[in-house]
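Notes to accompany the following structure.
Proteins come first, then strands; the chains are lettered A, B, ... in the order of their sequence lines, and each starts at number 1. Values below: every heavy atom of this structure, side chains too, minus hydrogens, waters and symmetry copies.
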Amino acid sequence: MTPREDVANHDAAAATTWTGVIREEGLKRFPPEKLLPDGQPSYVSSWVYVFGVATIAALAVIVLSGCVLALKGPDWWHTSSVGHFFNSVHFWSVQLFFFCMVVHLLAKFLMGAWRGKRGTTWAMGVAILLISMVTGLTGFVSQQDFASQWIATQAKDGANPTGGGAFFNVLNVGEMLTWHVLLLPMVVGALTLIHILQVRMRGVVPPYDAREDDLGEVAP
Amino acid sequence: MTWKADTAAAARPWTGPKRRYDLVKEFVIAFLVISLLSVLLAAAFSSKDDPPVTLSAWAKADPMDFVATTLAELDGTSGTAGYGPPYTSTPDVAQKIGPISLQQIAGVTIPIDTAADFVIVPLSTLAADQPDVAAALQQWSAASALQHTAWTDAYAKGLGHATINADQIQMPAGEYGPVATMMQSELTMARAGGLEGAFLTHNHFYATDYTKPLLFLADGGYLESLARAQHLGGNQWGMMNEAGSYPGQTWLWFYTFWYQVPPFATSDNADVQVWALMMVLTICLALIPWIPGLRSIPRRLKVYRFIWRDYYKGTGA
């Protein structure tokens with residue numbers, strides 16, 4: 001086979017490799033101008049739109065402050081004023097995260113943001129809310145202070161009757177810490193990424209009663 | 001407009017006017033603002049870090065409650081002893097939804113023998129150096145279950161008339177067998193700070209599982225009395241509170257709401273019932289896009305007209 005024939009054969013084969021299929025499918029769903037557009041429909045102008053990105057930003061601050069806390073281990077915030085400060089940053093960024101997320105959820109509800117095949121985007125958001133709450137619980141019981149003792153001994157009475165407490169032991173500080181710093185953040189991060197890609201794929205939901213002239217035809 | 005028409009219109013691509021919108025810049029600004037807010041809030045308000053309650057502190061602050069709890073662990077009448085799964089196989093105590101007990105189905109996966117784990121095993125670490133403790137444990141293990149009950153019942157009755165001075169339990173005269181020595185030794189051990197270690201590292205070096213000390217602590221009344229003083233009790237909306245004036249898990253307000261109202265407020269199966277209700281409501285929340293009626297509420301509320309007022313003003317829609 002000549003080198004030219006080899007190249008031609010390779011190009012034809014590329015789209016059938018797993019790598020090629022994933023690439024082509026990714027490019028089809030998320031062409032660069034859709035993934036990172038530098039424009040939005042004119043109706044994306046209310047301040048309420050800020051709360052979605054503010055939630056993501058708060059998540060980033062949570063993760064970064066959590067990384068700082070992880071550098072020195074779970075005793076640090078009890079024995080060092082710097083450690084306590086970063087624990088406080090982590091705590092307040094969590095409060096901001098939930099505040100922004102709830103405002104974002106309320107806004108999306110009032111905008112009927114699930115219209116136009118965006119139902120799974122909404123459902124994914126609810127899943128992130130739920131898993132974030134569990135992540136928050138694992139954080140509170142990992143703190144190793146008085147509140148941790150009370151929250152853990154109370155939470156067990158909520159978890160055990162559901163059968164879940166048999167496999168998720170809120171009294172086991174080591175277990176809760178590893179769920180908190182590794183397993184749950186991975187899940188929250190992955191679901192958040194999917195949620196963002198869903199929004200990029202479908203676009204921001206248009207207003208109710210948008211003008212006919214502003215809406216194109218759906219591609220076959 | 002019908003739901004079908006609404007959703008079909010929303011699925012169509014936007015061909016109307018666009019505006020310049022820098023997503024990356026928006027995220028960077030949001031990140032800087034949230035970072036600054038977090039740092040300012042941390043600097044201004046810090047965060048709660050009340051030291052944990054130790055078994056030593058409990059034994060010193062409320063020795064009577066401590067001894068009563070230790071006795072309950074020994075005679076199998078404590079909360080943990082009669083909890084059911086995942087700690088014990090006590091029958092007919094697991095919560096149910098109708099005929100189904102998820103708690104029972106999950107089974108005992110964290111087995112706790114309260115007499116052994118909370119009393120006998122910790123005291124056995126003293127036996128080598130304290131002959132009276134060794135003799136008491138020997139006497140206890142050689143006796144029958146019926147004899148155990150006779151001793152612990154007598155001790156419980158006597159405890160109602162006992163006093164504790166310094167760390168000495170002054171019991172009225174009675175037939176307590178080895179129980180008096182066991183209770184005194186456990187109180188002394190706790191006050192000296194050795195009990196947590198005995199629970200945690202009885203036969204290994206490292207420990208990160210605080211199940212036993214926490215269950216023991218929660219079986220007493222001291223931890224709860226401190227919590228209730230800070231409005232953290234279940235019927236004080238405690239689930240969403242934090243100690244002091246700090247926000248806690250405020251997002252749990254709806255979860256804890258159900259515990260405050262009938263029938264859940266007085267139900268023996270409140271925990272599993274509230275959980276089941278919240279699961280149903282959460283699933284409904286997630287499935288709103290597919291539930292007729294619910295998915296049309298925003299259209300009826302018309303708050304969207306305020307959110308998209310610029311668009312409606314510009315188009316006259």
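- For A/His78, the parts lying under 4.5 angstrom from a heavy atom of chain B are both the backbone and the side chain.
- For A/Glu217, the parts lying under 4.5 angstrom from a heavy atom of chain B are both the backbone and the side chain.
- Heavy-atom contacts from other residues, nucleotides or ligands closer than 6.0 Å to CZ of A/Phe85 number more than 12.
- At a 4.5 Å heavy-atom cutoff, the contact between A/Val126 and chain B is made by side-chain atoms alone.
- Of the atoms belonging to A/Leu130, it is side-chain heavy atoms, and not backbone ones, that fall under 4.5 Å from chain B.
- Residues A/Trp114 and A/Phe109 bring their aromatic ring centres within 6.0 Å.
- Per-residue counts of heavy-atom pairs under 4.5 Å with chain B were compared for A/Gln95, A/Lys117, A/Met176; the largest is that of A/Gln95.
- Contact annotation for B/Phe306: neither backbone nor side-chain heavy atoms come within less than 4.5 Å of a heavy atom of chain A.
- Looking at A/Glu212, the atoms closer than 4.5 Å to chain B (heavy atoms on both sides) sit in the backbone and in the side chain alike.
- For A/Tyr208, the OH atom is densely surrounded, since the number of other residues' heavy atoms within 6.0 Å is greater than 12.
- Note on A/Met133, A/Met124, A/Gln154: by heavy-atom pairs under 4.5 Å with chain B, the leading option is A/Met133.
- When heavy atoms are compared at a cutoff of 4.5 Å, A/Val48 approaches chain B solely by way of its side chain, counted from C-beta outward.
- For B/Ile29, no part lies under 4.5 angstrom from a heavy atom of chain A.
- A distance below 6.0 Å separates the ring centres of B/Trp14 and A/Tyr43.
- Ion pair B/Arg299/A/Asp209 flagged as a salt bridge, since at least one NZ, NE, NH1 or NH2 atom sits closer than 4.0 Å to an Asp/Glu carboxylate oxygen.
- Looking at B/Leu301, the atoms closer than 4.5 Å to chain A (heavy atoms on both sides) all sit in the side chain, from C-beta outward.
- Ring-centre distance between B/Phe254 and B/Trp258: below the 6.0 Å cut-off.
- In summary, the side chains of B/Thr88 and B/Thr90 do present a donor paired with an acceptor at a separation below 3.5 Å, with no hydrogens or angles considered.
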As a quick check of understanding, evaluate side chain to side chain donor-acceptor pair (under 3.5 Å) for B/Tyr311 and A/Asp214, giving each step before the final call. CA-CA 11 Å; B/Tyr311 174 75; A/Asp214 292 335; 2.7 Å; yes
